[in-house]
There are 2 protein chains.
Amino acid sequence: MNNNQAFIDKLRTSGLRPTKQRILIAKNLFERSKTFHFTVEKLNKVINKKGSAKVSLATIYNTVEAFTKAGYLKEILTSKSKSYYDTNIKSHHHFYDEGTKELTDIDYNQVKLSKVPVPPKGKKIKNLEVIIRIQK
Amino acid sequence: MNNNQAFIDKLRTSGLRPTKQRILIAKNLFERSKTFHFTVEKLNKVINKKGSAKVSLATIYNTVEAFTKAGYLKEILTSKSKSYYDTNIKSHHHFYDEGTKELTDIDYNQVKLSKVPVPPKGKKIKNLEVIIRIQK
DNA sequence: ATTATAGTTTATAATAATTCTAAACTATAA
DNA sequence: TTATAGTTTAGAATTATTATAAACTATAAT
Ligand SMILES: [Mn+2]
Ligand SMILES: [Mn+2]
Ligand SMILES: [Zn+2]
Ligand SMILES: [Zn+2]
């Protein structure tokens, strides 16, 4: 039952030693069948639920940040007050539901940009992902 | 030199009485030749600079919020830590420079979306504006 | 014009997400 | 096995924003 090597590898390549806490965080993030869109608050609740091992909020923040820097998570800027993260690191778009505050993936080729402006001189496009705000 | 009626009207239709402080805020926002992209911190600096009349930060926050609700300002979600606002209330797109943290307008017809996904059942698209992140 | 009242301004406190700190612990290399 | 560099954690600090409440003011009624 110790199939943690993938998580350990992600931690190592993120510059982190594989500790019990970090492996648990990695499991909660990456051992999923579907994309996980989350805030740190939500991840903290998932990890520190009833009876489970406890991981401090500081460690969750630090590990999420390291995974983001290493490219294993993507940050989605959606909300004024909270950071959202995404386990889907491919370039893709999102619906953001203003009512439920939930993100949903839109496949990259579901959006076609037939005209894109040229960036100002000396600047390069780093990222072009569309967030479509929806509501009832 | 008292051509403040436009500001007074904006305040009134935002549900605010035209006070000295609010008129000064409105002047700083709307008496401009070009679009103004700003954070509350920046607006506060502009208004409360050397020797000028003082307006409290709370009043600036409240007035910006009222103008936003009334549709005279638009909020741009760009940054994790600070809210950005825009005096250009037409539907349009932006470059966001990750280095300087400045927004630049992109005219609406400089971006062509030839394919847009259908929103989930029961949901409507509220907004589709593109933010293109740029850097050196 | 005077006054009563509802609305406003302001300093300051509270809140909430995030980051920092430093002491107790632990993975790992020697 | 041990030394050391790295880690975890509770709690403190930070920072943008929002709330509070007392002193002020625009406005409508007299
Ligand atoms: Mn905030
Ligand atoms: Mn923050
Ligand atoms: Zn996604
Ligand atoms: Zn703009």
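In what follows, every chain begins at residue 1, and chains take the letters A, B, ... in the order their sequences are listed.
Separating the CG atom of N44(B) from the P atom of dT9(C) is a distance of 14 Å, rounded to the nearest angstrom. Atom CG of N62(B) is separated from atom P of dT9(C) by 8 Å (rounded to the nearest Å). Spacing between atom CD of E65(A) and atom P of dT19(C) amounts to 6 Å, rounded to whole angstrom units. Between I60(B) atom CD1 and dT12(C) atom P there is a gap of 17 Å when expressed in whole angstrom units. Computed from coordinates, the K82(B) NZ to dT15(D) C1' distance equals 9 Å when rounded to whole Å. The interatomic distance linking L57(A) (CG) with dA12(D) (P) rounds to 15 Å, in whole Å.
In this model, the phosphate group of dT8(D) is approached by a side-chain N or O of R22(A) to a distance below 4.0 Å at OP1 or OP2. For dT17(D), one of the phosphate oxygens OP1 or OP2 lies less than 4.0 angstrom from a side-chain nitrogen or oxygen of Y61(B). Taking only side-chain nitrogens and oxygens, Q21(B) comes nearer than 4.0 Å to OP1 or OP2 of dT10(C). Side-chain N/O atoms of S81(A) include none lying less than 4.0 angstrom from OP1 or OP2 on dA17(C).
A cation-pi arrangement is present between K10(A) and F30(A), with the terminal nitrogen or guanidinium carbon under 6.0 Å from the aromatic centre and inside a 45° cone about the axis.
Between the side chains of D86(B) and H92(B), at least one donor N or O lies within less than 3.5 Å of an accepting N or O. Using modelled atom types and a 3.5 Å distance limit, the side chains of H93(B) and D105(B) yield no donor-acceptor pair. In the model, Y72(B) has a side-chain atom that pairs as donor or acceptor with a side-chain atom of T13(B) under 3.5 Å.
Residues from residues 7-20 of chain B lying near DNA chain D, meaning a heavy-atom separation below 4.0 Å, are R12(B), R17(B), P18(B) in numerical order.
No path of Ile, Leu, Val, Met, Phe, Trp and Tyr side chains, each step under 4.5 Å between heavy atoms, connects V40(B) with L77(B), placing them in separate hydrophobic clusters. Linking Ile, Leu, Val, Met, Phe, Trp and Tyr whenever their side-chain heavy atoms come within less than 4.5 Å leaves I131(A) and I131(B) in two separate clusters.
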### Task
Any chance you could lay out the side chain to side chain donor-acceptor pair (under 3.5 Å) test for N109(A) and K115(B), step after step, and finish with the verdict?
CA-CA 9 Å; N109(A) 53 35; K115(B) 189 178 181 187; 5.5 Å; no
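Here the nucleotide nearest the side chain of K80(A), chosen from dA10(D), dT18(D), dT18(C), is dT18(D). Of all nucleotides listed (dA16(D), dT8(D), dA17(C)), dT8(D) comes nearest to the side chain of S56(A). When distances are taken from the side chain of A58(A) to each of dT8(C), dT10(C), dG11(D), the shortest belongs to dG11(D). The side chain of V40(B) lies closest to dT17(D) when the candidates are dC20(C), dT19(C), dT17(D). For S83(B), taking side-chain heavy atoms from C-beta onward, the closest of the listed nucleotides dT8(D), dA11(C), dT17(D) is dT17(D).
Within a 6.0 Å radius of NZ in K49(A), other residues, nucleotides and ligands contribute more than 12 heavy atoms. Shown here is K69(B), whose NZ atom has no more than 12 heavy atoms of other residues, nucleotides or ligands within 6.0 Å.
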### Message
Only Watson-Crick and G-U wobble pairs with both distances less than 3.5 Å should count. Give DNA chain C in dot-bracket notation, marking inter-strand partners with |.
### Response
||||||||||||||||||||||||||||||
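T39(B) comes within 4.0 angstrom of nothing in the nucleic acid, heavy atoms only.
Evaluation of the side-chain hydrogen bond (donor to acceptor under 3.5 Å, both in side chains) test over residues 119-136 of chain B, restricted to residues two or more places apart or in two chains, returns D97(A)-K123(B), E98(A)-K126(B), K74(B)-E129(B), S91(B)-E129(B), E98(B)-R133(B).
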